[in-house]
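A short worksheet on the structure shown next.
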Amino acid sequence: MSNPCWFVLLLLAAWLGHFAMMVASHNWFYAKPFPRLVGDLVQLFHVILGFLGLGWVFQGVWILSFHQGNSWPDSLAETYSLLAILTALIGVPWFESKRWRLKHSVSINKLETEKKHWPSSWAGEKMAWRLPGNQSLFLEIRTIELPVENLPLWLHGLEILHFSDTHFGGNDKRSYFENLFNEASKRTPDFIFFTGDLVDAPEYLSWVVPLLGRLRARRGKFAIRGNHDFWNLPEEVAKSLRRAGFCCLGNGQVELDFGNGNMGSLLGNERPWNNQVNQVEAAGNSQFTILLAHTPDQAVLAANQGVNLAFCGHVHGGQVRIPFIGPLLLPSIHGRLFDHGFYKIAKLIMHVSRGIAGGFPYRFNCLPEIAWVRLVEGKKGTNP
Ligand SMILES: [Fe+2]
């Protein structure tokens with residue numbers, strides 16, 4: 001094959017495939033419970049390999065296109081380039097179609113979406129705050145009616161506030177959180193669920209009681225911890241959450257008594273950062289089971305184990321979401337599959353929150369969020 005047009009087409013396909021493989025590899029490794037420094041080195045490795053690979057793939061496609069020898073692929077560069085081309089032609093379309101199907105697997109009723117924006121004078125010192133289009137000082141308050149098939153009668157109308165990934169002390173000033181939790185405390189739902197990454201530095205645990213303590217729930221406030229909490233005195237994080245009125249589930253389970261013999265179950269899952277108890281298999285015979293997991297990867301594992309509803313955080317929606325494409329980098333072994341919103345996997349419905357803050361103070365096309373979710377019986381809502 002020696003046509004220059006074919007060379008250009010193959011090169012573009014190979015570069016796309018190489019990029020897709022680097023992104024998938026980065027996300028897979030980033031999801032693993034490495035110590036923070038190792039995780040940072042893995043990220044750096046992927047950046048370097050990503051750029052070096054462009055030249056390597058160029059060389060491989062050049063040989064594939066213009067090589068006159070009898071045997072090919074006869075070098076590592078050629079073999080890798082061929083793999084990259086196959087990834088672009090088969091792997092990428094297959095993954096994206098799966099992602100599209102999952103994105104549309106749950107239809108909800110969007111009742112209300114309120115947006116808040118607080119002044120840029122609240123931004124921190126880091127350069128990333130001043131990058132164009134930064135939405136870190138926004139907040140989206142979503143009110144959703146979620147149809148759940150075969151929902152027990154005693155759960156009709158159950159109201160839940162779900163928020164995640166506050167990362168106190170990471171970047172946002174306390175004034176941002178004061179306003180956010182004032183908004184969140186305006187209503188009293190049945191349950192409040194927090195799904196981890198409370199603090200980025202232990203000295204900010206002093207914020208927990210004044211901020212989260214003002215939230216009220218009729219039936220209880222429940223929390224699990226995330227990877228950042230396990231990097232920052234996890235026992236102290238649990239104590240602070242308890243002082244703010246939250247039941248810290250860990251990898252445990254609590255029974256929920258709705259009266260008249262109607263029992264539900266609430267599970268916590270802090271894996272893979274806390275492996276003390278394997279509770280997902282312990283869903284038991286509860287009539288309705290809700291799971292709080294920091295990472296959606298764990299909720300996906302629970303899909304065939306009797307869990308009905310799951311709430312997760314951790315992935316921050318990817319933080320930078322390219323229009324029509326979505327995020328590229330997020331810490332999940334499933335890559336970009338579960339970035340934010342509702343997903344149905346077998347009988348499980350999972351809500352993945354975009355979270356509130358993060359270690360990197362930049363969000364594009366990815367507003368921080370809190371979600372009010374009201375359960376109703378049914379198969380379908382009006383909005384996908
Ligand atoms: Fe987080």
Side-chain angles (χ1 to χ4, degrees), residues 26-40 42-43 124 126 128 134-140 162-172 176-177 180-181 193-202 204-205 207-208 211-212 223-234 236-238 240-241 246 248-249 268-274 292-299 310-321 327-336 338-341 350-364 366-371:
H26 170 278
N27 290 339
W28 192 89
F29 276 103
Y30 199 22
K32 296 295 170 184
F34 295 129
R36 203 168 186 177
L37 179 63
V38 177
D40 289 345
V42 166
Q43 285 198 54
K126 290 181 184 170
N134 193 350
Q135 296 175 323
S136 293
L137 289 170
F138 281 72
L139 175 68
E140 188 172 75
H162 178 209
F163 68 100
S164 194
D165 296 83
T166 49
H167 290 266
F168 288 160
N171 289 292
D172 292 80
Y176 174 81
F177 293 109
L180 185 150
F181 285 107
F193 296 150
F194 170 65
T195 46
D197 278 0
L198 183 69
V199 290
D200 272 12
Y204 293 93
L205 284 169
W207 290 12
V208 179
L211 291 172
L212 272 64
I224 52 159
R225 294 162 294 180
N227 49 317
H228 284 254
D229 301 318
F230 284 95
W231 296 332
N232 286 296
L233 303 174
E236 293 303 314
V237 171
S240 298
L241 282 165
F246 280 76
C248 207
L249 290 168
N269 186 320
E270 298 179 333
R271 289 169 174 264
W273 303 279
N274 173 18
L292 306 189
H294 185 56
T295 167
D297 294 351
Q298 293 296 316
F311 293 86
C312 314
H314 185 51
V315 294
H316 298 197
Q319 288 205 196
V320 177
R321 304 179 60 83
L328 295 177
L329 303 179
L330 68 174
S332 167
I333 59 170
H334 301 285
R336 295 159 13 87
F338 305 108
D339 53 2
H340 85 108
M350 169 172 74
H351 181 240
V352 182
S353 170
R354 292 193 300 266
I356 292 171
F360 182 63
Y362 185 75
R363 282 177 178 250
F364 180 78
C366 186
L367 298 173
E369 72 163 344
I370 61 173

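Both counts, for ligands and for their atoms, begin at 1 and track the order of listing.
- In this structure, W207 and F168 have tilted ring planes: the angle between them lies in the 30° to 60° band.
- Around the Fe ion (ligand 1), the protein contributes the following N, O or S atoms at distances under 2.8 Å: D165 OD2, H167 NE2, D197 OD2, H316 NE2.
- Using cut-offs of 30° and 60° on the angle between ring planes, the pair Y30 and H26 is tilted.
- Counting only heavy atoms from C-beta outward, the side chains of P327 and V320 never approach each other to under 4.5 Å.
- Taking 4.5 Å as the limit, every side-chain heavy atom of I356 sits out of range of all side-chain heavy atoms of D165.
- The shortest side-chain heavy-atom distance between P368 and Y176 falls under the 4.5 Å cut-off.
- Contact annotation: the side chain of K32 approaches that of I333 to within less than 4.5 Å [non-hydrogen atoms, C-beta and beyond].
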